[in-house]
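What follows is a short report on a single structure.
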Amino acid sequence: MKTSDQPEPTVFVIFGGAGDLTWRKLVPALFDLSQDRSMPTNFSIIAVDRVDMSDEKLRRRLQDGVKKFSRHGQAKGSEWGEFAKHIHYQQGDFKKLQTYKALGEQCAKLEKEWGAKVHRIFYMATPPSMFGEIPKYLGKAGLARDRELARIVIEKPIGYDLESALALNATLAANFDESQIFRIDHYLGKETVQNILAFRFANPLFEPIWNRRYVECVTITAVEAVGVEHRGGYYDHAGALRDMVQNHLMQLLCLVAMEPMVSFEADEIRNKKVDVLHAVRPIHRDAVHQCVVRGQYGSGWVGGKKVPGYREEKDVSPDSQTETFVALRLFVDNWRWQGVPFYLRTGKRLTRQASEIAIQFRGVPHQSFPIESTLDWQSSRLVMSIQPNEGIVLRFQAKHPGPKMHLRSVEMQFDYEDAFAVRSPEAYETLLWDIMKNDATLFMRADQVEAAWRLLMPVLNVWAEAPPSDFPNYAAGSWGPENVQGLLAQGHSWPLPTELVEHAPKRGKKS
Ligand code: BG6
């Protein structure tokens, strides 16, 4: 049965169909969508890769991924069997036109069989070295031509720097219209990240104080307890600035700082986000060391386990200069945010995982309470907790019970799971569904990617010229390098580790 929200008939062509992303993220998400009846009635997943593999072998491997990673968990045999019928393997070289001709024929065949126009989604789940090649072949094979039906999906890294990002975007643009290009930043698919717009613009309560008159500073944190895991080879050439700041943290900054959108149109929202990047004060070469701190983890203890330092990780150079931690102080030079620091930080192998945005409000303009009432005073703060806890916490002052006027900080909490009693979909479910529905709101436009690179290039250039002399400069399991405090203006603080715990909505309350 087709529901009105169901996408049109679709063929998913996944280049790199035998790879990790397909196994870990894409197919589990497509399976979850199918279980929620959100897949089209007619769909096909064609996994393309170079290795020799049968449909059966591929399906067995993908079933293993679904068991491990899908939200619906262990699929019943019949559910998996029903879904797996849609998966096919095509062996092919990404650099041979023949591969693409065969795909074109397959799509034409399905179109005939289904008696309907087929949406064709070409997903590049390959190593980045293929990103510049596949679009050219799709173009040559005539598979990019139909602006309505053909779409291309690309994951980060979108370029290694501004120059390569411009070149990649040019290759994409030579073969596809911008409206056909879906650049994924998976952070944008997270419910809590989408909720930033809902919270800001569906509640008249907060917008009037969301500016320099009331906000003292904004802290954006996305830290992890994990190390580089099995991705040392990639990461050692990327580092935290490219891996997290250029994309995920910049997206969060845009959502927190942007002006209200006029409508919920994809380009209207993306325009407002790009405006933020254009307003960020450029980081002058000479100021890089004052505005940005980098770090690399040494060995230490995380979650009670001894873990190796970054330089001892697999596929990492033993004298690597790659940063696994970055903190920045940025300013958004416009009427709303003039003078308000935005502190951003991200890192691997920190005490624990936490992504959150903290808006710290200014103190009261006049302190009328006696000094002894306010010894525990902490400024009001709103924390949007993105993960692992999903919710919002507002900290404010209240009178402590007792005969005296004694003020203490208290918290009001909104917890997604408590409020909605459903488990949030995985980011990839949302993103894949949006691609099928041809909705580009949650995807990065070329100009946004380029603006983010432009902003960070002085940092990358200065760092390349002056390699760090103090790496490793933080122990695994700590909260990063000590000199990160130097970025803060007087009276500002990074949310302390304990505050992150206290602020996070509490889990496990339900029986
Ligand atoms: C990816 C980075 O984009 O995001 C990884 O490449 C990082 O290094 C990951 O671990 C974090 O995403 P999430 O959704 O697991 O917090």
Side-chain angles (χ1 to χ4, degrees), residues 16 19-21 23-26 28-29 32 68-71 124-128 131 153-160 165 182-196 220-253 255 294-297 302 307 310 313-316 320 322-326 344-357 384-390 416 423-432 442-444 449 452-453 456 476 480 500 504:
D20 194 66
L21 183 67
W23 171 71
R24 189 184 290 269
K25 295 284 184 193
L26 304 184
D32 281 328
K68 287 199 171 85
F69 305 114
S70 101
R71 185 163 53 91
M124 294 197 277
T126 61
F131 292 174
V153 186
I154 178 168
E155 291 260 344
K156 74 166 236 292
I158 303 194
Y160 183 74
F182 287 71
R183 295 180 191 78
I184 287 200
D185 180 319
H186 80 280
Y187 252 61
L188 293 177
K190 293 180 191 281
E191 285 292 326
T192 41
V193 173
Q194 293 179 65
N195 190 49
I196 299 172
I220 302 180
T221 299
V223 293
E224 300 175 280
V226 293
V228 284
E229 300 174 290
H230 54 284
R231 297 161 70 228
Y234 147 77
Y235 195 89
D236 209 30
H237 292 285
L241 197 78
R242 290 186 172 92
D243 186 50
M244 292 289 289
V245 179
Q246 193 275 341
N247 35 76
H248 308 324
L249 268 72
M250 286 294 157
Q251 293 293 336
L252 296 181
L253 170 70
L255 290 166
R294 58 182 153 166
Q296 187 194 75
Y297 62 86
V302 178
V307 297
Y310 176 69
E313 301 272 17
K314 190 168 169 281
D315 298 328
V316 169
S320 172
T322 302
E323 80 287 355
T324 58
F325 177 99
V326 192
L344 279 56
R345 65 176 164 169
T346 183
K348 291 204 184 277
R349 280 285 189 235
L350 299 186
T351 313
R352 55 188 194 79
Q353 182 202 22
S355 294
E356 63 167 44
I357 299 165
M384 294 189 258
S385 176
I386 288 160
Q387 61 184 28
N389 306 294
E390 301 183 324
Y416 259 82
R423 200 170 146 197
S424 299
E426 289 296 321
Y428 273 91
E429 289 174 58
T430 305
L431 296 171
L432 293 174
L442 300 181
F443 298 84
M444 299 182 291
V449 172
W453 277 121
L456 297 177
L500 288 169

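These numbers come from a predicted model, not from an experiment. Numbering of ligands and ligand atoms starts at 1, following listing order.
- For Tyr297 and Glu323, the side-chain atoms include no donor-acceptor pair closer than 3.5 Å.
- Looking at Tyr234 and Asp315, their side chains never bring a donor and an acceptor atom within 3.5 Å of each other.
- In this structure, Arg242 satisfies the cation-pi test against Tyr160, with its NZ or CZ atom closer than 6.0 Å to the six-membered ring centre and inside 45 degrees of the ring normal.
- Taking Phe443 as the reference, Phe182 meet the ring-ring contact (aromatic ring centres under 6.0 Å, His included) condition, with sequence neighbours excluded.
- With sequence neighbours left out, His186 forms a ring-ring contact (aromatic ring centres under 6.0 Å, His included) with His248.
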Could you check ligand 1 for N or O atoms lying under 3.5 Å from protein N or O atoms and list the pairs with distances?
from     : atom 1 : to     : atom 2 : distance (Å)
ligand 1 : 3 (O)  : Lys156 : NZ     : 2.7
ligand 1 : 3 (O)  : His248 : NE2    : 2.6
ligand 1 : 4 (O)  : His248 : NE2    : 3.4
ligand 1 : 6 (O)  : Lys156 : NZ     : 2.8
ligand 1 : 6 (O)  : Arg231 : NH2    : 2.8
ligand 1 : 6 (O)  : Asp243 : OD1    : 2.6
ligand 1 : 6 (O)  : Asp243 : OD2    : 3.3
ligand 1 : 8 (O)  : Arg231 : NH1    : 3.0
ligand 1 : 8 (O)  : Asp243 : OD2    : 2.6
ligand 1 : 8 (O)  : Lys348 : NZ     : 2.8
ligand 1 : 10 (O) : Glu224 : OE1    : 3.3
ligand 1 : 10 (O) : Glu224 : OE2    : 2.5
ligand 1 : 10 (O) : Lys348 : NZ     : 3.1
ligand 1 : 12 (O) : His186 : NE2    : 3.1
ligand 1 : 14 (O) : His186 : NE2    : 2.7
ligand 1 : 14 (O) : Lys190 : NZ     : 2.6
ligand 1 : 16 (O) : Gln387 : NE2    : 2.5

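- In this view, Asp20 and Arg24 satisfy the salt bridge (Lys or Arg N to Asp or Glu O under 4.0 Å) rule, not counting sequence neighbours.
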